[in-house]
Number of protein chains: 4
Amino acid sequence: MAVNPPAHLSPRKKPIQARATATLEAIFEATIQVLLVDGPRRLTTTRVAERAGVSVGTLYQYFPHKQALFYALNEHYLEALAGKIEDACRAHHGRPIRQMVEALVTTYWQAKTERPDVTRALYRSVAEIDNEQVIEGFAHHVDAVTAAMFASASDAAFTDLQTVNLTLLSVIFGTVRSVFERNPPDAQSRAVHGQLVLMCLSYLNSVRAVGGQ
Amino acid sequence: MAVNPPAHLSPRKKPIQARATATLEAIFEATIQVLLVDGPRRLTTTRVAERAGVSVGTLYQYFPHKQALFYALNEHYLEALAGKIEDACRAHHGRPIRQMVEALVTTYWQAKTERPDVTRALYRSVAEIDNEQVIEGFAHHVDAVTAAMFASASDAAFTDLQTVNLTLLSVIFGTVRSVFERNPPDAQSRAVHGQLVLMCLSYLNSVRAVGGQ
Amino acid sequence: MAVNPPAHLSPRKKPIQARATATLEAIFEATIQVLLVDGPRRLTTTRVAERAGVSVGTLYQYFPHKQALFYALNEHYLEALAGKIEDACRAHHGRPIRQMVEALVTTYWQAKTERPDVTRALYRSVAEIDNEQVIEGFAHHVDAVTAAMFASASDAAFTDLQTVNLTLLSVIFGTVRSVFERNPPDAQSRAVHGQLVLMCLSYLNSVRAVGGQ
Amino acid sequence: MAVNPPAHLSPRKKPIQARATATLEAIFEATIQVLLVDGPRRLTTTRVAERAGVSVGTLYQYFPHKQALFYALNEHYLEALAGKIEDACRAHHGRPIRQMVEALVTTYWQAKTERPDVTRALYRSVAEIDNEQVIEGFAHHVDAVTAAMFASASDAAFTDLQTVNLTLLSVIFGTVRSVFERNPPDAQSRAVHGQLVLMCLSYLNSVRAVGGQ
DNA sequence: TATGAATGAGCGTTCATTCAT
DNA sequence: CATGAATGAACGCTCATTCAT
C-alpha cells in the first residue's frame with residue numbers, strides 16, 4: 001500500500017517515543033517554513049535544525065541525509081493525501097458519477113488548500129531530489145482507487161476507463177498546481193475550483209458510454 | 001511585450017554578434033543537457049561551460065551569475081512559447097470557439113512536445129530561483145492574448161470571461177505539466193491530449209452564455 | 001616499574017570489581033576488533049561501546065576520553081609484554097649468551113604472534129596519539145632488564161654493553177614489526193624468526209670482548 | 001615498475017607547469033610539517049593548504065581527497081627511495097658480499113636520515129590510510145633489486161636466497177624504523193648504524209653456502 | 001576578449017562528549 | 001551507576017565567482 005522507499009531514504013528510526021514524534025514533527029514543520037521563507041536553495045540542514053529548535057546532530061539522528069528529509073516529508077504528506085482520497089473514493093462507491101467527481105475534486109482541492117504553505121513548499125521541493133519515486137507511488141495508488149470508484153458508478157460506464165481516469169487525474173492535479181503557483185485572489189481561486197468540477201462533469205458526460213443524461 | 005527583468009538578472013549584453021548568439025545558444029543547450037543528465041543539483045557553472053565548449057570565464061561574460069543564466073533560459077523559451085501562442089490566437093481571431101480551443105491546446109501541447117527534453121529540463125529548473133517573475137510575466141502575457149481571442153469568438157460569449165480564461169489556461173498548462181511529469185507511453189500521452197481538447201470543448205459548451213450548439 | 005601515565009590519560013578508576021574488570025576487558029577487545037575491522041579512522045567511541053555491549057556513557061565511565069582508551073590499551077598490552085620479557089630475563093640470569101638471545105627473541109616473537117590481531121591493531125593505533133610516552137616507558141623498562149641479563153652472561157662480556165643492548169632490541173623489535181606489516185605466509189614468517197636468532201647470535205659472537213666460542 | 005595506484009588515489013593532474021610543480025611541492029612540504037608539528041590527527045586539509053600558502057580549493061585541484069594526498073606523498077618519497085636503492089644495487093652488481101651489505105644499509109640509512117622530519121612524518125602517516133598498496137609495491141620492487149644483487153655476489157652464494165633477502169630487508173627496514181622512533185642521540189644512532197652493518201655481515205657469513213671466510 | 005587556476009565562504013556530515021532520565 | 005539522545009565544534013569537500021595572463 002505504502003510507497004516502497006529505498007532503505008537509505010527512510011528515517012533512521014521509527015518514532016515510537018512521544019518526544020521523538022514531536023521532534024520529527026518539528027523538523028517537518030521547520031523544513032516547510034524554511035522552504036517557504038528561504039526557498040529550496042537556501043535550505044540547509046543547519047537552518048532547518050535551528051528553526052526546529054534542535055541541533056544538526058539531532059536532525060541527523062532522524063534522517064541519514066538531507067535527501068532522506070525531503071523524501072520523508074513528501075512521503076508524509078502524500079500518504080496522508082492518498083489516504084484522504086482513498087476514503088472519499090470508498091465513501092462514494094456505487095454512487096452516481098456526478099457525486100464522485102465532485103467528491104474527488106473537492107477532496108483534493110481542500111486537502112491542498114488546508115495548509116497552502118505546506119502545499120506550496122512541497123511543490124517547491126519536488127525538483128530537489130528523486131522524489132519521483134514517492135510521487136510515482138502516490139500516483140499509482142490514487143490511480144487504482146479512483147479507477148475502482150469510477151468503475152462502480154451507478155449511472156455511467158466508460159469504454160476506455162484507463163484513459164478517462166488518467167485524464168481526470170492529470171487535469172485535477174495539474175490544475176490545482178497551476179492555480180497554486182499563480183496564487184490568485186481567494187475568490188478567483190474558488191471560482192476556478194467550481195469551474196473545474198463543472199469541466200470534469202461536462203467531460204464525463206461527453207465520454208460516458210451508457211447511462212442517462 | 002517581453003517580461004520586465006530586474007536589472008541584475010538580465011544578460012550582461014544583448015547578443016548582437018553572430019558569434020555571441022551562437023555561444024549563447026550553446027550555453028542554453030548545455031544548460032538543458034546538464035539539467036537533464038545530471039539534475040539541477042549537480043548543475044555547476046563549470047559543467048555547463050564545459051558542455052558548451054567554452055570556459056567558465058566566457059560563461060560569466062554572458063551571465064553575471066548563475067541565477068541570470070536560469071532566468072534567461074526561462075525567458076528565452078517562454079518568450080518563444082508566448083510568441084507561438086500569440087500567433088495562434090491572432091490567426092483564430094473571430095473564429096468559432098471550437099477552433100479556438102483546439103488551436104490553443106494543440107499549439108501549447110506541440111510546443112511543449114517538440115523538445116520534450118527542454119520542457120522537462122525547464123520544469124525542473126523552476127525551483128532554482130525566483131523564476132516566478134518570468135513565469136508570471138508569461139502568464140499575464142498569455143492571459144491577455146487568449147482572453148482577447150475568446151472575446152472575439154464568432155459563436156459564443158461568456159458572462160465571466162476572466163474566470164473562463166483563467167480556468168482554461170490553468171487546466172491546459174497544469175495538465176500538460178502533469179502528463180510530462182508522469183511521462184506515460186506515447187500513445188497514452190496522445191490520448192490524453194485528445195481528451196483535453198474534448199474536455200475544454202465540453203466545458204465551454206456548458207458555460208457559454210450565447211450561441212447555439 | 002609501570003609506565004608513569006600523565007594524570008589526564010589514565011583510566012578514571014582502577015578496576016577493583018570483577019564486573020568492572022570484565023567490562024574493561026570487553027572494551028579493550030572491542031577496540032582491537034574495531035581497529036582491525038574498520039581501521040583506526042572509522043573507530044568511534046560509539047562503535048567501540050556497541051561492540052563491547054555497553055553504552056557510550058559506560059565507556060566514558062572508564063575512560064575520560066578517547067585518547068585515554070588508546071593509552072590504556074597500549075599500556076595494558078605493553079605491560080604484559082614487558083612482564084613476559086622480564087620473566088624470561090630473570091629466568092636466564094647467569095646463563096650462556098646463546099641461551100639468552102634465543103630466549104629473548106623467542107619470547108618477544110611468541111608474545112607478538114600469540115594474538116596477531118592484537119599485535120596488528122596496536123601497531124595501527126600507534127599513530128593515534130602520543131603513545132610515544134607509553135612506548136618510551138616500555139622501551140626503558142625492557143632496556144634495563146635485558147641489559148642486566150646480558151651483563152650476567154656466564155660466557156661473554158661486552159665493551160659497550162649499552163650499544164649492543166640497544167642494537168639488539170632495535171633489531172628484534174623492528175624486524176618483528178616489519179614482518180607483521182608484510183604479513184608473509186606462515187612458513188616464511190617462521191623462517192625469518194629462525195634467521196633472526198641466528199643473526200643475533202652471529203652478531204654477539206663478533207662483538208663479544210671475552211669468552212671463547 | 002611503479003606502484004599501480006587505484007585511479008581515484010592519484011593526483012588529479014600531472015604537474016606539467018612549473019608553477020603547478022612548485023605548488024605540489026609546497027603542499028607535500030606542508031603536509032610533512034603539519035604531520036610533524038600537529039600530528040596526523042590534527043592534520044586537516046585546511047591546515048595543510050594554509051601552511052602551503054594556498055587555499056583549500058587549490059589543494060583539491062591537485063588531490064581529489066585527503067587520502068589521495070597521503071597516497072601521493074608516500075608514493076613520492078618511496079619511489080625516490082626505491083630509486084636510490086636500485087642505483088646502489090646496480091652499482092654493486094658482482095661485487096663482494098661485504099660491499100653489498102655495507103652499501104645497502106648505508107644507502108637506506110642515509111636516505112632516511114637525510115630528512116629525518118620527512119622520515120618521521122611518513123612513519124606517522126602510514127596508519128592513516130591503505131598506504132599498504134604503495135608500501136607493498138615498494139617492498140616488492142626493492143625485494144627484486146636486492147635479490148638480484150645478492151645473487152650476483154662474487155664471493156658468496158646462498159641456498160635459500162629468498163629467505164636471506166627477506167630477512168635482511170626486514171631487519172634493515174625494521175631496525176631503522178625502531179631507531180627513528182626512539183630518536184636516540186646522534187652518536188648512539190650512528191653507533192647502531194655501524195652495528196647493523198656488522199650484524200648483517202656476521203649473519204651472511206653464517207649462512208653463505210660457498211665462498212671464502 | 002577568452003581562459004581556467006585560484007579563491008574561500010559555506011554546505012553536508014561526523015563524532016567526541018555531556019547529562020537528564 | 002548505566003543509558004543513549006542531544007549537542008555543536010570541526011572536518012572534508014564543493015562550486016560560484018574572480019582576475020592575472
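Below, chain A is the first sequence line, B the second, and so on; all start at residue 1.
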Determine the contact category for [X]: base if any of its heavy atoms lies under 4.0 Å from a base atom, sugar-phosphate if only primed atoms, P, OP1 or OP2 are that close, otherwise nothing.
X: Arg42(B); value: nothing
X: Leu59(D); value: nothing
X: Thr45(B); value: base
X: Arg47(C); value: nothing
X: Thr58(D); value: base

Given atom [atom1] of [X] and atom [atom2] of [N], what is their separation to the nearest angstrom?
X: Lys66(C); N: dC15(E); atom1: NZ; atom2: P; answer: 8 Å
X: Leu69(D); N: dC13(F); atom1: CG; atom2: C1'; answer: 14 Å
X: Glu50(A); N: dC11(E); atom1: CD; atom2: P; answer: 11 Å
X: Arg41(D); N: dC15(E); atom1: CZ; atom2: C1'; answer: 10 Å
X: Gln61(B); N: dT3(E); atom1: CD; atom2: C1'; answer: 10 Å
X: His65(A); N: dT14(E); atom1: NE2; atom2: C1'; answer: 15 Å
X: Ile27(B); N: dA16(F); atom1: CD1; atom2: P; answer: 14 Å
X: Gln67(D); N: dC11(F); atom1: CD; atom2: P; answer: 18 Å

Which residue lies more 5' along DNA chain E, comparing Gly53(B) with Thr44(C) via nearest heavy atoms: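 The 5'-side residue here is Gly53(B).
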Any side-chain heavy-atom pair from Tyr62(B) and Leu69(B) closer than 4.5 angstrom?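 The answer is no; the side chains never approach within 4.5 Å.
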Are His65(B) and Thr45(B) packed together at the side-chain level, in the sense that at least one heavy-atom pair is separated by less than 4.5 angstrom?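 Side-chain contact under 4.5 Å: no.
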What pair of heavy atoms forms the shortest contact from Pro40(B) to Arg124(B), and how long is it?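 Closest pair (atom of Pro40(B), atom of Arg124(B), distance): CG-O, 4.1 Å.
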Shortest non-hydrogen separation from Ile32(C) to Tyr77(C) and the atoms involved: CD1-CE1, 4.2 Å
Report the C-alpha distance between Phe70(A) and Leu122(A) in whole Å, list the side-chain angles of each, state the deciding distance to 0.1 Å, and finish with yes or no for side chain to side chain contact (heavy atoms under 4.5 Å, CB included). CA-CA 9 Å; Phe70(A) 279 107; Leu122(A) 288 182; over 6 Å; no
Write out the stems for DNA chain F, ordered by first number and formatted as range with range, counting runs of at least 3 consecutive Watson-Crick or G-U wobble pairs under 3.5 Å.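 Stems (3+ consecutive pairs) listed as E:2-21 with F:2-21.
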Nearest to the side chain of Tyr60(B) - dG12(F), dC15(E), dT17(F)?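 Closest nucleotide to the Tyr60(B) side chain: dT17(F).
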To the nearest 0.5 Å, atom NZ of Lys66(D) lies from atom OG1 of Thr31(D) at 10.5 Å
Can you tell me how far CD of Glu25(D) sits from NE2 of His76(D), rounded to the nearest 0.5 angstrom?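 His76(D) atom NE2 to Glu25(D) atom CD measures 4.5 Å (nearest 0.5 Å).
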For dA6(E), does either OP1 or OP2 sit under 4.0 Å from a side-chain N or O belonging to Tyr62(D)?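 The answer is yes; a side-chain N or O of Tyr62(D) sits under 4.0 Å from OP1 or OP2.
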Answer yes or no: does a side-chain N or O of Ser55(A) lie under 4.0 Å from OP1 or OP2 of dT7(F)? yes
Quick one: on DNA chain F, does Val56(C) or Gly57(A) contact a more 5' nucleotide (nearest heavy atom)? Val56(C)
With side chain to side chain contact (heavy atoms under 4.5 Å, CB included) as the test, would you mind laying out the steps for Glu75(B) and Tyr71(B) before giving the verdict? CA-CA 6 Å; Glu75(B) 204 182 29; Tyr71(B) 192 96; 3.9 Å; yes
